[in-house]
Visitor: 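Take this structure, written in structure tokens, and hold onto it; I'll ask about it next.
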2 protein chains.
Amino acid sequence: MLAYTTIQMSAQLRSDGGETPIIPLPFCPHPQQINFFAPGSEIYAQGEKAVNIYQVEFGAVRIYRLLADGRRQISAFHLSGEIFGLEADANHHFFAEAITGTNLRVFPRSKLGDISQELFSLTLRSLTRAQEHLLVLGRQTAAERVAAFLLDLAERQGGLEQIEMPMSRMDIGDYLGLTIETVSRVFSKLKDTGIIALPTLRSAEIRKWNALQAMCE
Amino acid sequence: MLAYTTIQMSAQLRSDGGETPIIPLPFCPHPQQINFFAPGSEIYAQGEKAVNIYQVEFGAVRIYRLLADGRRQISAFHLSGEIFGLEADANHHFFAEAITGTNLRVFPRSKLGDISQELFSLTLRSLTRAQEHLLVLGRQTAAERVAAFLLDLAERQGGLEQIEMPMSRMDIGDYLGLTIETVSRVFSKLKDTGIIALPTLRSAEIRKWNALQAMCE
DNA sequence: CGACATTTTGAGCCGTCTCAACTCTAGTGG
DNA sequence: CCACTAGAGTTGAGACGGCTCAAAATGTCG
């Protein structure tokens, strides 16, 4: 929505520097190019012809859909190493945007050839992830959703207690089916009860793993 | 949950007889057996080793997950022709149960060999469907959810105004993230406004397509 | 340091849930 | 064929969680 262009380097440093680079980038069937996307920039749009698939080298991406009145649902965040952009037919069914400055490996769909076992299993993992997120959206309370979100992020970042959250509160709300106010209130409550700490706005630290896990049932 | 055994034939007739058999059953890589499942019977359980994939010949199946306190989220219904049971790893992440009397083609996973383009694209379609359902659960009101559900069912049954609903109100609620009471209230409202008719408990007739579509935005 | 965007906090409201009673349907047995 | 019964669905009243609207606080970048 907002078109930054000059800030990209600092955002890049934040999401890439520090700790982390634990996640491997194995998927690599062909020589491919790497493109940089500035924070907030569009990678593809709903309805657009799906010519490429993408792998995050570093940064973060949101996949989302919009209702006519502007309500937004983020169906997934993609972090380093993850693949996105595969579609069931010729066109994209969702929007994809870079959250922070993001480097993407671009694989032309035409050059993929036969479906590798690896690509298939990445797709199945996405499916499982989406189906599990359905449980969160359909049946969990606000507190449970945020807890599940934090644990999921932690796990995807190597299981450390320090979590990077490249996305805004609005992104988190649109992912969890909540408003920013509710997300914020839950964060505050978790902080007050000592379950997490919030060193900065875009990072969290899990202090009581069992308490957080217990919240998801 | 309930173990019928004597009623299975009538259930079978209801879901199979009448109109419908429009949907093709193309997926058929190897000779395979066909198994009958009585209404309510378990096809596989969460955590169980995933040895087969399944295709519905006739009947209906629910795929679901449970929280510790019994809250249930149905992530998908599968009708004639549809495939389910594929998992990202060795074990099932969900439960699968027959809703009505159901015949399933069973394909041993071991005999699938290389992933066919067709199987891959069926998987992608499931992924898209799940991601679109996230929008429903995350951002739509009760009335919008029910409208989307009815339109989806109608489309999958060939676009006719007569819809078969093999599942109970509880199933619908657990699919849409609502209680049975709310589902029932929305059905009543749609009936009162003449948008749908409800000839029997397990069928519906769409009277005003545009009104229903307008509800989903 | 100053301006703007983002996040947090507060107060009141609304949609959906909960709990309870009633109705309808389908199956059972006289 | 009809009354009886159990399960499923519907309807109503009140409660509650998360939303809306508003304002204060914090963080970011010029």
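In the text below, chain A, chain B and the rest are named by the order of the sequence lines, each starting its count at 1.
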Visitor: May I have the distance from B:Ile180 (atom CD1) to C:dC22 (atom C1'), rounded to whole angstrom?
Guide: 14 Å
Visitor: Check every atom of C:dT7, D:dT11, C:dT25 against the side chain of B:Leu201 and return the nucleotide holding the closest atom.
Guide: C:dT25
Visitor: Is there a donor-acceptor contact under 3.5 Å linking the side chains of B:Thr123 and B:Ser126?
Guide: no
Visitor: Rounding to a whole Å, what distance do you find between B:Met165:CE and C:dT25:P?
Guide: 14 Å
Visitor: I need the NZ-C1' distance between B:Lys189 and D:dG12, as an integer number of Å.
Guide: 14 Å
Visitor: With a 4.0 Å cut-off on heavy atoms, is A:Ser168 in touch with a base, just the backbone sugar-phosphate, or nothing at all?
Guide: sugar-phosphate
Visitor: Between A:Arg129 and A:Asp152, is there a salt bridge with N-O shorter than 4.0 Å?
Guide: yes
Visitor: Among A:Phe77, A:Phe94, A:Phe95, which residue meets the ring pair (Phe, Tyr, Trp, His ring centres under 6.0 Å) test with A:Tyr64?
Guide: A:Phe95
Visitor: To the nearest angstrom, how far is A:Lys191 atom NZ from C:dT8 atom C1'?
Guide: 9 Å
Visitor: Mind listing the closest non-hydrogen atom pair of B:Pro166 and B:Glu164 along with its distance?
Guide: CD-O, 3.4 Å
Visitor: CZ of A:Phe187 versus P of C:dT6: gap in Å, rounded?
Guide: 17 Å
Visitor: Is there any protein nitrogen or oxygen under 3.5 Å from a nitrogen or oxygen in nucleotides 15-22 of chain D, and what are the pairs?
Guide:
residue : atom : partner  : partner atom : Å
D:dG18  : OP1  : A:Ala142 : N            : 2.7
D:dC19  : OP2  : A:Thr179 : N            : 3.4
D:dC19  : OP2  : A:Thr179 : OG1          : 3.1
D:dC19  : OP2  : A:Thr182 : OG1          : 2.4
D:dT20  : O4   : A:Arg185 : NH2          : 3.1
D:dC21  : N4   : A:Glu181 : OE2          : 3.0

Visitor: Report for the helix from C:dC1-D:dG30 to C:dG30-D:dC1: angle between first-end and last-end helix axes, five pairs each, rounded to 10 degrees.
Guide: 40°
Visitor: Over all strands shown, is A:Ser184 touching base, sugar-phosphate only, or nothing at heavy-atom distances under 4.0 angstrom?
Guide: base
Visitor: Please state how far atom CZ in B:Arg169 lies from atom C1' in D:dT11, giving the value in whole angstrom units.
Guide: 14 Å
Visitor: Begin from the C-alpha positions of B:Leu176 and B:Gln140 and carry the test side-chain contact (heavy atoms from CB on, under 4.5 Å) through to its verdict.
Guide: CA-CA 10 Å; B:Leu176 298 177; B:Gln140 302 210 147; over 6 Å; no
Visitor: For B:His133 and B:Tyr175, indicate whether the former's side chain and the latter's backbone hold a donor-acceptor pair under 3.5 Å.
Guide: yes
Visitor: Take atom CG of A:Leu198 and atom P of D:dT26, then tell me their distance rounded to the nearest Å.
Guide: 14 Å
Visitor: Less than 4.5 Å apart, any side-chain heavy atom of A:Leu124 and any of B:Glu87?
Guide: no
Visitor: Nearest whole angstrom, please: distance from the P of D:dT26 to the CZ of A:Arg202.
Guide: 18 Å
Visitor: Return the orientation label for the A:Phe84 and A:Tyr44 ring planes: parallel under 30°, perpendicular over 60°, tilted otherwise.
Guide: tilted
Visitor: Just by distance, with hydrogens left out, do A:His92 and A:Glu48 show a side-chain donor and acceptor under 3.5 Å apart?
Guide: no
